[in-house]
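Here's the structure we're looking at; comments come further down.
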There are 2 protein chains.
Amino acid sequence: MTSSESVEGRAPGLRERKKAKTRAAIQQEAMRLFLERGYDGATVEDIAEAAEVSPSTFFRYFPTKEDVVLRDDYDELLLEIFLAQPPELTPLQAARAALHSIGGVVDALSPEERELERVRMALTFTVPEVRARWINELVRAFRTLAEGVAARAGRPADDIRVRTFVGAVIGVMLVAMEPLVEDPTREWTDFLPAIDEALGYLEQGLPL
Amino acid sequence: MTSSESVEGRAPGLRERKKAKTRAAIQQEAMRLFLERGYDGATVEDIAEAAEVSPSTFFRYFPTKEDVVLRDDYDELLLEIFLAQPPELTPLQAARAALHSIGGVVDALSPEERELERVRMALTFTVPEVRARWINELVRAFRTLAEGVAARAGRPADDIRVRTFVGAVIGVMLVAMEPLVEDPTREWTDFLPAIDEALGYLEQGLPL
DNA sequence: CCTCCATCAGATAGTAACTATCATGAATGT
DNA sequence: ACATTCATGATAGTTACTATCTGATGGAGG
């Protein structure tokens with residue numbers, strides 16, 4: 001995404017470009033330091049220095065230290081893809097279809113972006129504070145999902161069946177990705193098949 | 001486990017009794033102050049002073065400020081009750097049975113204890129940091145649950161069907177209790193019927 | 001090109017949640 | 001009664017975060 005100043009598509013303005021660059025720099029330096037010394041081993045001050053900004057600026061871009069790890073667009077993207085699925089699919093089918101689509105999106109990333117993603121995910125799962133906040137994000141995202149599911153099913157968003165569906169999907173994704181804690185070198189896309197399988201069991205009423 | 005020489009149930013020793021008293025005092029004063037001024041409005045120092053201990057002592061009893069809200073025995077108790085259910089029940093039936101039992105336990109509490117529980121739950125759901133940590137506790141608790149379920153189903157604990165089951169139950173309980181955020185005056189036992197119903201839908205393969 | 005305005009970056013000072021360490025005194029076991 | 005264990009309090013420090021002020025910079029209009 002390092003575009004020159006020449007007009008490409010639409011020029012978002014110099015200011016905006018600078019901001020995007022600063023944000024990327026902070027996040028990248030943060031990941032580098034975290035990888036090098038661990039999450040607690042790198043202070044916000046260290047990161048700010050490495051990214052050549054002041055600590056004030058760090059907090060202007062990321063309200064908390066955890067956010068520098070969590071910040072991404074994939075949750076939102078996954079949600080969009082889910083909502084865009086053809087309405088004749090059942091919610092579970094739509095969820096599985098969305099899952100397959102996102103796999104393709106991730107495959108198209110550059111190697112550096114992939115590496116960044118890997119580190120981010122590893123930290124998300126291994127650093128307790130970060131993980132805790134991430135789950136909150138998940139809950140928030142799936143609140144939106146509930147509305148989509150409700151519309152799809154022709155029921156109110158607070159219908160208990162809709163809520164149950166959404167809760168079950170959250171929970172299943174959560175535990176399906178949990179092995180990441182043991183082996184943070186793996187990428188989260190490795191778990192897409194497991195999630196898919198788990199959704200299948202959900203559909204069958206949790207056979208044991 | 002805690003093999004003191006005294007016969008169980010009687011005279012846990014002066015030291016232990018003092019500790020229990022101190023812990024209870026800290027938690028009680030904390031809840032009083034939180035109710036009065038809000039979670040952020042009462043510092044650890046304030047709480048320590050109100051409980052007539054030093055800040056050092058506060059952290060000796062509760063490793064973080066959040067823990068003073070989260071600390072309880074109900075998760076563990078619920079787990080024990082679940083594991084004690086007769087083996088001929090299916091895991092979902094056992095979960096529902098355990099849920100009914102815990103309702104009885106809570107009914108037997110004194111009014112003050114109930115009030116303490118109410119405040120604790122309200123804070124757990126309304127204060128983001130506390131809630132985030134609570135979910136971590138949940139995940140930890142349900143890791144133990146997975147072992148129980150696995151034994152019950154005659155499968156390994158890392159079996160994907162077992163994990164899916166556990167994840168679904170976590171998720172369903174999570175969203176079932178979510179209305180507490182909107183109305184923190186309600187007790188969590190009010191939601192037992194909703195959880196029970198949700199578990200029923202789970203059993204039916206999430207009809208929509 | 002110059003000017004005004006909105007905004008963004010940096011610096012400073014402060015708060016609050018922790019952590020580490022050490023000396024004191026109380027509880028306990030002999 | 002004595003030695004040991006261990007909870008407590010005090011002190012000093014680190015770090016994440018907040019508030020506020022001042023100076024710099026990009027963008028828009030004349």
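Note that the structure is a prediction, hence the values are computed from the model and not measured. Reminder, nothing fancy here: chain letters follow the sequence lines and each chain counts from 1.
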So that I can tick it off, tell me whether B:E36 and B:R32 are bridged by a salt bridge, with the cut-off set at under 4.0 angstrom between side-chain N and carboxylate O. yes
Please determine whether any donor N or O and acceptor N or O are separated by less than 3.5 Å between the side chain of B:R15 and the base of C:dT28. no
Do any N or O atoms from the side chain of A:Q27 and from the backbone of A:R71 form a donor-acceptor pair under 3.5 angstrom? yes
Sequence neighbours left out, what passes side-chain contact (heavy atoms from CB on, under 4.5 Å) with B:L83? Give chain and number order. none
Is A:R161 salt-bridged to B:E197, going by a charged N under 4.0 Å from an acidic O? no
In residues 41-66 of chain B, which residues come under 4.0 Å of DNA chain C by heavy atom? B:T43, B:V44, B:F59, B:P63, B:T64, B:K65
Could you tell me whether B:R120 sits above the aromatic face of B:Y74, with NZ or CZ closer than 6.0 angstrom to the six-membered ring centre and within 45 degrees of the axis? no
Euclidean distance, atom CD of residue A:E16 to atom P of C:dT7 [Å, nearest integer]: 11 Å
With the threshold set at 4.0 Å, does a side-chain nitrogen-carboxylate oxygen contact exist between B:R140 and B:D75? no
Provide, to the nearest angstrom, the distance between the CD1 atom belonging to A:I26 and the C1' atom belonging to C:dA9. 11 Å
Spacing of B:D40 atom CG relative to D:dA19 atom C1', expressed in whole Å: 16 Å
Between A:L14 (CG) and D:dG27 (P), how many Å, whole number? 5 Å
A:R118/A:D190 salt bridge by N-O under 4.0 Å criterion: no
Can you find a side chain N or O atom of B:K18 that sits less than 4.0 Å from OP1 or OP2 on C:dA27? yes
Do B:E203 and B:R96 sit within salt-bridge range, that is, some charged N less than 4.0 Å from a carboxylate O? yes
At a heavy-atom distance below 4.0 Å, what parts of residues 125-139 of chain A sit against DNA chain C? none
Interatomic distance where NZ belongs to A:K19 and P belongs to C:dT7 [whole Å]: 10 Å
